[in-house]
Asks: 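Sharing a structure with you now.
Just so you know, ligand 1 is whichever comes first in the structure, and atom 1 is the first atom listed for that ligand. Note that the numbering runs from 1 along the sequence shown for the chain.
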Amino acid sequence: MVRRNIKEKRLFLNTNLGKSIQETKIIFICVGTPSAKDGTVDLGCIKEVAEEIGKNIRRPKIIVIKSTVPMGTVRNLVVKIISKYWKGNFEIASNPEFLREGNAVFDFLNPDRVVIGVNSSETGKVLVKLYRKIKCPKIITTLESAEMIKYASNAFLATKISFINEIANICEKEGADVEEVARGIGLDKRIGPHFLKAGIGWGGSCFPKDLKAFRQIAGMDGYNFRLLKSTIEVNNYQKKRIIGKIKSLFPSVKNKKIALLGLAFKENTDDVRESPALEIAKKLQRLGAVVKGYDPKAIENAKKVIGEKAIFCNSPYQAVKGADAVIIATEWRQFKYLNWKKIKNLLNNPLLIDGRNLMDPLKMKKIGFRYIGVGRNYEKLN
Ligand code: UDX
């Protein structure tokens, strides 16, 4: 897409910020806003770019902040920094992005909504026009509401996952199957079917960072955001819970070979930031197990985190060879279509721990696996 648009002279790339600022009407700030050590948002890049914009503006512009920033950052920080250097007029907007990793182009072009936070309705109209080819509701809000919509969306989605994970844990006790429960509740339009996949917890570069930041922001403003705290706590517990399950399956996991299918935080990405798979790997290594990892894309990144002691394999079959258990830790769809009969024969012990409820438990049982999922009770069924 980038190559095509460069060729067709719609996209120009350069490292001369002054030139880009002077030649354009609308400037998007899309820099990263990582977590600082104390969980607050590191706004260093935002500050730097705002300063550069302030120094290089020569005419009024619309400056749009796409980066995820705490409420009030656009009005109180970005505007102030730019105004320090540029005494003329400029407009400001907050336009959060909701795309998912691995689906970035599709999500950007097919969003459920475009959120435009502005100070003036004129700026809102210009940005609505900019997005005119994208067919979806465009909502105009205040700057602070737009900033809040981004945090609230991520918090809600993560809460939905933590909720179903807790339901899964109760299902294990009550003899219910969380996959059936999720389908049953998700068909209620008020609940909806998405983000109800139980598993070993959520990770990635957004949910963990944004939820921590949101908790911090609320706390600093004197509000105890109880539900958000629980959402984070449930997620931490979910990652630990699977280790408890593994421990209970062996007298000792020391020197046991464990095959880990999936290292990325989710499918279709090589990103391992806050990946539940790697947390499991680290804990297993601490317990003295030998981790044999396979991932279609994330091996290089995983090496940097669990490198020294882990064995990385070029195929899932190599990973499971001689292993005492196999764990599905990432929801890569292709794992579903592996030759599971072959996997069973390659394993030292036919134990399948499905951390993403990817497989059909009865089929797995038929092949001869001992199947342990999340929130499923197929051990008891024939
Ligand atoms: C997320 C938001 O979805 C996106 O709108 C925002 O812009 C950035 O953060 P992303 O981090 O790419 O996107 O991943 P997402 O697909 O949301 O998954 C996040 C985590 O939740 C993954 O670890 C995934 O495995 C897990 N997940 C997701 C579940 O455990 N169950 C589900 O039902 C959905």
Side-chain angles (χ1 to χ4, degrees), residues 30 32-35 41 65-69 94-115 136 146-169 178-179 181-183 185-186 191-214 231-232 234-239 241-242 261-280 295 297-298 301-302 327-333 335 354-358 373-375:
C30 310
T33 50
S35 282
V41 184
I65 288 78
K66 217 167 219 321
S67 312
T68 302
V69 291
S94 164
N95 172 220
E97 180 54 57
F98 302 98
L99 60 77
R100 291 159 301 165
E101 268 184 43
N103 293 286
V105 174
F106 179 86
D107 284 358
F108 179 77
L109 295 172
N110 300 278
D112 290 340
R113 77 305 204 185
V114 168
V115 175
C136 71
E147 292 167 324
M148 176 74 95
I149 287 168
K150 171 71 193 196
Y151 278 107
S153 296
N154 276 354
F156 188 82
L157 291 170
T159 302
K160 230 179 148 182
I161 305 170
S162 282
F163 177 82
I164 200 69
N165 281 340
E166 289 230 277
I167 297 291
N169 299 342
V178 73
E179 292 298 311
V181 174
R183 193 170 139 70
I185 64 174
I191 296 172
H194 305 292
F195 278 67
L196 283 181
K197 189 83 193 158
I200 49 176
W202 39 265
S205 64
C206 288
F207 283 177
K209 161 180 94 74
D210 290 349
L211 266 75
K212 263 186 247 158
F214 203 9
T231 295
I232 297 170
V234 168
N235 198 51
N236 292 336
Y237 171 68
Q238 200 67 8
K239 287 181 276 184
R241 190 175 162 90
I242 181 136
L261 297 190
L263 302 163
F265 83 94
K266 65 168 194 180
E267 66 166 340
N268 293 330
T269 179
D270 66 354
D271 197 341
V272 297
R273 282 176 286 177
E274 304 263 351
S275 169
L278 292 196
E279 287 198 32
I280 292 168
D295 190 283
K297 281 196 178 150
N301 285 335
I327 305 175
I328 299 178
T330 309
E331 63 272 40
W332 284 101
R333 202 163 312 165
F335 291 160
D354 187 355
R356 299 292 191 164
N357 287 355
L358 202 63
V374 179

Asks: Using a strict 4.0 Å threshold on nitrogen-to-oxygen distance, state whether Arg333 and Glu267 make a salt bridge.
Replies: yes
Asks: Can you pull the residues with any heavy atom under 4.0 Å from ligand 1?
Replies: Glu97, Phe98, Leu99, Arg100, Glu101, Lys150, Asn154, Ile161, Phe195, Leu196, Lys197, Trp202, Gly203, Cys206, Phe207, Phe265, Lys266, Glu331, Arg356
Asks: Would you check if Lys150 and Asn154 make a side-chain contact, meaning some heavy-atom pair closer than 4.5 Å?
Replies: yes
Asks: Going by the rule side chain to side chain contact (heavy atoms under 4.5 Å, CB included), which residues pair with Glu166 if we only count those two or more places apart in sequence or in a different chain?
Replies: Val234
Asks: Do other residues, nucleotides or ligands put more than 12 heavy atoms under 6.0 Å from Phe163 CZ?
Replies: no
Asks: Look at the side chain of Glu274 and the backbone N and O of Phe265, then say whether any donor-acceptor pair between them is shorter than 3.5 Å.
Replies: no
Asks: Do Thr159 and Thr231 have side-chain N/O donor and acceptor atoms under 3.5 Å apart?
Replies: yes
